[in-house]
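Okay, structure first, notes after.
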Amino acid sequence: MQVSSIMLVRQNLTRKRARSLLLVLSIGIAFFVYGVLSSFQAGFEGSEAKAERLVVVSKIGGNETLPISALDQIAQLPEVAAVTHITRLRAHLIGNERQIIGANAVDPDSYAAVYGDTYKLDPALLAALAADRTGTLVGRTLAEQQGWQVGDRVTLTSFVHANSDGRNWSFTIAGIFDGREPTVDTNFLIVRSDYFNTALQRGRNRVNMFGIKPVPGADPAVLAETIDTAFANSAAQTKTQNETAFLSAFLEQFANVSLIVRMIVSVAFVTILLIVGNTMIFAVRERMQEIGVLKVLGFSGARIMRIVLAETIVLFAVGLALGLLLTSAVIPLLGQALRSVVPELYLTTKSISLAGLLALGFALLTGFLPALNALRLPIVAALRHR
Amino acid sequence: MPNDTDITLTHVTKSYPLGKSRIPIFQDLTMTIPEGDFLAIMGPSGSGKSTILNLIGGIDTVDEGQVAVGHTVLTGMSDAALTQWRAAHIGFVFQFYNLMPMLSAAENVELPLLLTPLSARARQERVRTILDIVGLSERAGHLPSELSGGQQQRVGIARAVAADPKILLCDEPTGDLDRTSADEILDLLQLLNRKLGKTIVMVTHDDSSCRVAKRTLHLDKGKFIQREEELMVCR
């Protein structure tokens with residue numbers, strides 16, 4: 001963009017400031033809606049989900065369990081680099097049923113082998129957990145939310161799992177772990193499965209899922225099929241998916257968040273496309289004579305077309321920035337309010353990049369027709385226009 | 001051999017569509033405007049005065065015949081080629097000034113220079129010089145809405161000559177001005193013609209325009225007619 005074009009773009013955008021401001025606000029609101037819903041979706045799905053990692057659950061349903069013995073069979077597959085098992089405690093803080101706590105009983109070493117590139121489970125933390133059978137490693141977000149510190153005693157009440165003392169389970173915090181990325185959900189804790197399994201009154205040696213890290217280069221889809229085929233004729237048929245698909249399927253039990261997000265965002269964007277497109281057509285029609293004068297002065301049609309397109313690009317760029325700034329300002333507050341529903345709201349890099357691409361696409365789309373009109377406008381007709 | 005800016009219209013026919021029929025403007029019009037001329041074209045509305053300017057400026061096309069400036073034949077040139085040629089050779093002055101309302105006087109004058117390879121510094125220097133010539137140095141930063149009609153037209157003329165074209169096409173440049181301002185504009189155009197050698201073709205209803213023009217032609221129903229009595233007055 002040369003100085004000349006910037007000057008003309010500025011002129012056109014500032015001649016009716018109220019109109020430009022309202023357009024930017026409309027675009028900003030559309031991207032704000034997009035930003036909030038995307039962060040909501042990301043919070044639900046978790047950025048830690050990896051397409052290459054696999055999750056094995058019972059084919060019957062998410063609440064069914066699988067025998068822990070299946071782990072050995074899975075571990076023997078040559079495409080499996082590491083495998084671990086996870087059992088959900090399905091618990092809440094003692095005395096407060098509304099305060100649900102994500103808690104998983106795991107084998108710490110194999111868990112670290114599978115999920116070590118998502119959570120910082122360093123040897124010191126694992127050693128601390130290994131030193132105390134009733135120990136727990138608490139995610140940073142959960143620890144900060146609850147004000148817990150290392151050494152604190154935490155008591156959870158399971159909705160389903162009972163031990164000899166009833167459904168209350170007490171653990172001592174052996175350490176606090178972080179995510180490898182700031183956006184990783186650490187709003188949960190892990191406890192030792194050997195202790196949990198031994199203390200269970202019923203349902204011992206059953207787990208909710210297996211987590212698998214394939215060897216580098218292995219095709220996760222092929223491995224998933226291999227596992228499901230291996231258990232096809234057993235009492236514990238499996239359903240193996242990559243983590244991303246698993247989380248999406250898990251969420252769809254409650255609501256198709258992705259579909260809802262897409263629908264609301266689509267409505268917002270279609271509305272904005274119509275508003276901006278229509279306004280730009282009128283804005284260009286208003287200055288037909290000026291376009292004619294520019295052509296008389298020697299500005300080519302293509303150059304004038306670029307100026308009109310640049311206007312919509314600027315409008316969408318400012319609107320996008322406004323929308324994302326608003327989103328950044330609002331999601332921490334919204335996250336607090338929705339903490340019991342969504343672990344954490346955050347804008348992912350992918351969401352921001354997609355927003356940028358959408359903004360550019362919409363700018364070109366809404367600017368194209370008026371720009372084409374400007375390109376094709378005969379000078380004599382333009383000069384007659386008042 | 002024609003000079004570089006001799007303007008020649010040869011057997012030009014031009015009509016405009018009106019519904020399904022066409023309204024003829026010229027039939028077989030032939031004329032030559034030599035380099036350095038200051039031609040005033042007068043005549044009633046609808047006689048085709050402005051059409052002549054549009055044809056010479058390459059912003060309208062002939063039905064038949066040929067328009068040439070110097071050795072360049074405009075007839076048949078592409079829009080892109082005409083645009084480039086116009087930027088280099090033609091300056092337009094409009095009746096209603098047609099300045100960009102959100103740009104200052106200086107920025108308006110700078111507009112055609114943006115199409116030249118001049119640096120920003122050179123452009124600004126040129127703008128200062130031209131605004132000085134038209135007597136608006138003090139008003140460089142003002143928006144058109146902050147200027148009088150006469151001042152706006154002087155900015156319009158400054159813009160027209162900014163890229164140093166050899167030909168100025170003026171479409172009723174005094175049509176929206178009071179007598180005093182109109183005279184100032186005519187004097188300025190005369191200066192550009194006499195001192196800087198610009199070829200000027202001016203369409204006007206203003207009888208006193210012939211005071212500054214070297215030639216005055218009257219156009220009526222697509223034909224040039226001689227009105228000796230007015231020419232006598234001008235002389």
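Labels below follow one simple rule: chain letters A, B, ... track the order of the sequence lines, proteins then strands, and each chain is numbered from 1. Note that this is a predicted model, so its numbers are computed, not measured.
- Residues A:T14 and B:M102 approach most closely at O-CE, 3.6 Å, considering heavy atoms.
- Counting non-hydrogen atoms of other residues, nucleotides and ligands closer than 6.0 Å to CG of B:D79 gives a total of 12 or fewer.
- Shortest non-hydrogen contact noted between A:G298 and B:A87 is CA-CB, 3.8 Å.
- For a residue to count as touching a neighbouring chain, one of its non-hydrogen atoms must lie under 4.5 Å from one of that chain's; by this rule B:Y16 touches chain A with the side chain only.
- Surrounding CD of B:E64 are at most 12 heavy atoms belonging to other residues, nucleotides or ligands under 6.0 Å away.
- Here B:P101 is the residue among B:P101, B:A160, B:P112, B:G57 with the most heavy-atom pairs under 4.5 Å with chain A.
- At distances below 3.5 Å, not a single donor-acceptor pair connects side-chain atoms of B:R159 with backbone N or O atoms of A:L297.
- Summarising the local packing, CD of B:Q84 is surrounded by 12 or fewer heavy atoms from other residues, nucleotides or ligands at distances under 6.0 Å.
- Of the candidates A:V380, A:V296, A:I379, A:V380 is the only one forming a side chain to side chain contact (heavy atoms under 4.5 Å, CB included) with B:N54.
- Contact record, B:M100 with A:Q11: CB-OE1, 2.9 Å, taken as the closest heavy-atom pair.
- Looking at B:L115, the atoms closer than 4.5 Å to chain A (heavy atoms on both sides) all sit in the side chain, from C-beta outward.
- The distance from atom CD of A:Q289 to atom CG of B:N98, rounded to the nearest 0.5 Å, is 4.0 Å.
- Expressed to the nearest 0.5 Å, how far CG of B:L111 lies from CZ of A:F299 amounts to 5.0 Å.
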Would B:L103 and A:R10 count as a side chain to side chain contact (heavy atoms under 4.5 Å, CB included) if you check the C-alpha gap in whole Å, the side-chain angles of each, and the deciding distance to 0.1 Å? CA-CA 10 Å; B:L103 299 185; A:R10 186 201 68 199; 3.9 Å; yes

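- With rounding to the nearest 0.5 Å, the separation of CD1 in B:I59 from CG in A:L383 is 5.5 Å.
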